[in-house]
Chemist: 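One structure follows; several queries about it will come next.
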Number of protein chains: 2
Amino acid sequence: MVTIEDVAKKAGVSTATVSRVINNVGNVSEKTKMKVWKAINELNYKPKILASALARHRERFLVGICESERLKNMEKEKIVPEFYTVILTALEQIGEEYGLKFCKMNLFSPTECDAYILVGGDTTKEVVEMYRELGKPFLLLDHYIPGEKVDCIVTNGFDGAYYATSYLIKKGLRKIFHIHGPLNSYGFKGRYDGYTSAMKEAGLLPKYYEYDDVKNNMDDVIEFMLRKNDIPEAIFASNDITAMRIIKELKKRNIKVPDEVSIIGFDDIISAKDFEPSLTTLKVFKDEMGSLAATRIYELLVGHNVHPVMVSLFTKFIKRKSSI
Amino acid sequence: MVTIEDVAKKAGVSTATVSRVINNVGNVSEKTKMKVWKAINELNYKPKILASALARHRERFLVGICESERLKNMEKEKIVPEFYTVILTALEQIGEEYGLKFCKMNLFSPTECDAYILVGGDTTKEVVEMYRELGKPFLLLDHYIPGEKVDCIVTNGFDGAYYATSYLIKKGLRKIFHIHGPLNSYGFKGRYDGYTSAMKEAGLLPKYYEYDDVKNNMDDVIEFMLRKNDIPEAIFASNDITAMRIIKELKKRNIKVPDEVSIIGFDDIISAKDFEPSLTTLKVFKDEMGSLAATRIYELLVGHNVHPVMVSLFTKFIKRKSSI
DNA sequence: TTGTACGCGTTATCAC
DNA sequence: GTGATAACGCGTACAA
């Protein structure tokens with residue numbers, strides 16, 4: 001392994017100078033810079049992020065947590081239960097390990113920071129453009145924008161949905177439906193794809209209904225579904241809230257869960273395990289998302305040319321009483 | 001930040017003992033273990049991977065690079081050009097930074113190692129099951145298996161395809177076709193999804209043809225396409241080899257590229273820039289895949305309960321002469 | 001402008 | 001069974 005010391009020796013300077021050249025700080029004469037870069041290239045030296053990060057621990061970076069008003073309100077009204085809190089807690093805890101300080105701000109009017117974490121689905125192409133112009137590293141948390149090649153951390157909805165659907169199929173069920181939110185949301189789209197993919201692979205016909213979260217038209221959706229397709233053997237819902245509303249409507253019509261219809265949700269929100277019946281679901285690791293975000297933003301802050309990636313966390317199937 | 005020293009002080013032992021307890025090595029009395037765990041929990045201490053990794057550099061891990069015969073033959077016959085070489089080079093270089101040693105072996109009959117990297121698309125559920133039973137960390141490189149929740153590193157075909165298709169649309173083209181390999185391959189499927197997604201969003205009708213890589217039936221595909229849909233304005237191919245074969249067939253029929261038809265490939269294989277005309281394509285960062293694989297397998301080796309994730313690298317659009 | 005020396009948090013070696 | 005301490009590779013006060 002070639003270290004900074006090897007480079008220093010080869011260039012005939014001290015390790016301090018090499019470090020200064022690499023990180024482009026302090027005053028180094030052009031002549032010395034040339035010598036150092038030459039040595040670096042000849043030895044094919046790559047700085048070790050690990051050691052660098054450790055040594056930089058004294059450095060304090062300020063990272064902006066950027067949220068839209070809409071998201072904050074959803075938090076407040078418990079539509080997106082505990083999401084924000086859990087993420088932020090993990091983010092701050094792991095961030096501390098890297099010497100990160102966090103600072104909340106509005107997504108659309110960020111204040112000066114060393115880096116930014118853009119939370120939730122309200123980040124558009126235009127917003128990304130704005131952050132690009134700030135010239136600081138940033139990443140999307142729980143969101144992805146096709147074609148923009150911007151670093152992001154998301155939950156792998158496809159995989160979870162595929163697993164849940166396959167599970168129901170393996171249990172011998174055939175008439176498995178999917179009720180989902182708007183498919184322009186990346187999260188819902190992935191789950192939809194996972195469901196249809198599993199169904200098609202098993203030679204089954206996917207059947208799905210769109211549900212409007214805001215209007216809460218579950219009554220109509222269920223009514224329509226029952227009239228048109230008779231009773232399904234199972235429904236995979238694109239989140240826990242939706243699953244709970246489905247169960248409520250089924251109960252109203254005296255349809256037994258899970259005896260007549262199995263229901264599976266997505267998220268594992270806190271109330272899922274105390275619901276009646278307790279909800280079978282796919283657990284989303286919000287704390288892991290937070291800690292991954294902290295790790296990633298740190299890499300972007302101190303790493304030399306980091307390639308943009310999408311990191312998607314797998315979910316965990318939690319078997320409870322709402323499904324066979 | 002709470003360090004190992006804080007824990008040691010609280011438990012009334014040395015840092016060495018705390019380290020021994022955490023990593024479960026050496027001889028520590030049960031009584032001391034209890035004291036240490038108690039202190040760890042009370043302080044909510046989390047070991048710092050960074051420092052741990054740095055200190056462990058002296059340790060040498062042996063990592064198996066597992067490939068199927070099929071893949072090795074494809075390498076040899078240049079069907080998957082330079083893939084193996086580029087990946088392995090980056091893997092070894094970055095791996096060295098972490099004290100990793102690599103050892104090539106057959107995917108289906110691995111020998112004893114500390115961890116494994118399973119290369120390419122021949123890894124099935126059954127193979128995964130076999131590696132799980134080995135009880136060692138492993139990850140898939142350039143492959144993903146739905147529902148298995150196994151760590152993997154892939155290229156984000158969806159994003160690249162979406163970008164390329166959107167690019168053609170923005171240039172004013174409407175009749176954009178897609179010629180793809182078998183969709184049971186994760187890579188081809190993602191690109192297919194990205195293409196159709198971009199087309200649908202623009203209100204255009206996706207049109208695609210499957211091409212059989214092994215039979216090399218490009219002549220038939222092009223013939224069929226031309227007869228049925230007349231001439232497209234552009235074709236997005238699911239890889240460079242396919243793109244080159246398309247161009248060859250079009251040339252044979254005196255159709256000009258890019259004047260009459262724009263062609264975009266995927267991969268940016270070495271020969272892409274010397275092809276006539278040079279190929280517009282989406283560059284896959286093989287070296288980055290290798291280095292990410294090294295980093296990730298190291299995290300799996302030394303990290304405490306690492307959550308499984310899929311890391312997908314964004315591609316880069318390379319504009320050359322085969323497209324407008 | 002450059003070099004010396006210390007510290008980042010953890011693990012491993014060697015005493016006891 | 002346990003403790004003191006020297007590494008690991010790099011960044012940066014401070015000195016020169």
Chemist: Check whether any side-chain nitrogen or oxygen of A:N23 sits under 4.0 Å from OP1 or OP2 of D:dG11, and answer yes or no.
Modeler: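 Yes, such a contact exists.
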Chemist: So what does A:S19 hit on the nucleic acid, given a heavy-atom distance under 4.0 Å: a base, only sugar-phosphate, or nothing?
Modeler: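 A:S19: base contact, heavy atoms under 4.0 Å.
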Chemist: Are the charged groups of A:E42 and A:K38 less than 4.0 angstrom apart, N to O?
Modeler: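 Salt bridge flag = yes for A:K38 with A:E42.
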Chemist: Would you mind reading off the distance between A:D6 atom CG and D:dC8 atom P, rounded to a whole angstrom?
Modeler: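 One finds 12 Å between P of D:dC8 and CG of A:D6, rounded.
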Chemist: What is the distance, to the nearest angstrom, from the CD1 atom on B:I40 to the P atom on C:dT10?
Modeler: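 Distance check: B:I40 CD1 to C:dT10 P gives 10 Å.
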Chemist: Are B:K149 and A:Y163 in a cation-pi setup, meaning NZ or CZ lies under 6.0 angstrom from the ring centre and within 45 degrees of the ring axis?
Modeler: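 B:K149 over A:Y163 ring: yes.
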Chemist: For the pair made of CZ in B:F61 and P in D:dC8, what is the distance, rounded to whole Å?
Modeler: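 Distance check: B:F61 CZ to D:dC8 P gives 17 Å.
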Chemist: Does A:K46 or B:A16 map to a spot on DNA chain D nearer the 5' end, using the closest nucleotide for each?
Modeler: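 Final value for this comparison: B:A16.
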Chemist: Consider the side chain of B:L54, meaning its heavy atoms from C-beta on, and name the nucleotide among D:dG9, D:dG3, C:dT2 that approaches it most closely.
Modeler: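 Closest of the options to the side chain of B:L54: D:dG9.
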Chemist: Going by atom types only, do B:E5 and B:T3 share a side-chain donor-acceptor pair under 3.5 Å?
Modeler: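 There is no such pair between these side chains.
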Chemist: May I ask you to check if A:K283 and A:F317 form a cation-pi contact, with NZ or CZ under 6.0 angstrom from the six-membered ring centre and within 45° of the axis?
Modeler: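 Negative - A:K283 is either too far from the ring of A:F317 or too far off its axis.
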Chemist: Among the nucleotides D:dT2, D:dG11, C:dT11, which one has an atom lying closest to any side-chain atom of B:S52?
Modeler: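 Nearest nucleotide to the side chain: C:dT11.
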Chemist: Using OP1 and OP2 only, check whether a side-chain N or O of B:S29 sits under 4.0 Å from D:dT2.
Modeler: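 Affirmative; the distance criterion is met.
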Chemist: Could you tell me how far apart B:L301 (CG) and C:dT11 (C1') are, to the nearest whole angstrom?
Modeler: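 The distance from CG of B:L301 to C1' of C:dT11 comes to 16 Å, rounded to the nearest Å.
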Chemist: Would one find a side-chain N or O of B:T17 under 4.0 angstrom from OP1 or OP2 of D:dT2?
Modeler: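 No, because none of the side-chain N or O atoms of B:T17 sits under 4.0 Å from OP1 or OP2 of D:dT2.
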Chemist: Choosing from D:dG11, C:dT10, D:dG1, which nucleotide comes nearest the side chain of B:I4?
Modeler: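 The nucleotide sitting nearest to the side chain is C:dT10.
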Chemist: For the pair made of CZ in B:R20 and P in D:dT2, what is the distance, rounded to whole Å?
Modeler: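 Going from CZ in B:R20 over to P in D:dT2 covers 8 Å.
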Chemist: Identify, between A:V28 and B:V2, the residue whose nearest nucleotide on DNA chain C lies closer to the 5' end.
Modeler: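 Closest to the 5' end, via its nearest nucleotide, is A:V28.
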Chemist: Whole angstroms only, please: what is the CG-P distance between B:L50 and D:dG11?
Modeler: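 To the nearest whole Å, that distance equals 13 Å.
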Chemist: Of the nucleotides D:dT5, C:dA5, D:dT2, which has the atom closest to the B:T15 side chain?
Modeler: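 In terms of side-chain proximity for B:T15, the closest of D:dT5, C:dA5, D:dT2 is D:dT5.
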Chemist: Which nucleotide sits closest to the side chain of A:K48: C:dG3, C:dG9, D:dG9?
Modeler: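 Nearest listed nucleotide: D:dG9.
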Chemist: Measuring to OP1 and OP2 of C:dG3, would you say a side-chain N or O of A:S14 lies under 4.0 angstrom away?
Modeler: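 Yes, within the criterion.
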Chemist: Would you kindly give the CG-to-P distance between A:L43 and D:dG9, to the nearest whole Å?
Modeler: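 The answer, rounded to whole Å, is 15 Å.
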Chemist: Using a cut-off of 4.0 Å on non-hydrogen atoms, how would the nucleic acid contact of B:V18 be classed: base, sugar-phosphate, or nothing?
Modeler: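 Contact class for B:V18: none.
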Chemist: Which listed nucleotide (C:dG9, D:dG1, D:dT2) is nearest to the side chain of B:T3?
Modeler: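 Selected nucleotide: C:dG9.
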Chemist: Nearest whole angstrom, please: distance from the P of C:dA12 to the CD1 of B:I22.
Modeler: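 Taking atom P of C:dA12 as the reference, CD1 of B:I22 is at 12 Å.
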Chemist: Check the angle between the aromatic planes of B:F314 and A:Y144 and answer parallel, tilted or perpendicular using the 30° and 60° thresholds.
Modeler: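 B:F314 and A:Y144: parallel rings.
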Chemist: Please work out if B:V13 contacts a base, only the sugar-phosphate, or nothing of the nucleic acid, heavy-atom cut-off 4.0 Å.
Modeler: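 Sugar-phosphate only.
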Chemist: Considering only heavy atoms and no angle criterion, is a donor-acceptor pair shorter than 3.5 Å present between the side chain of B:R56 and the base of C:dG9?
Modeler: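 A donor-acceptor contact between them is absent.
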Chemist: Students often mix this up, so state it plainly: with edges at 30° and 60°, are the rings of A:Y131 and A:F138 parallel, tilted or perpendicular?
Modeler: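 Judged by the thresholds at 30° and 60°, the geometry between A:Y131 and A:F138 is tilted.
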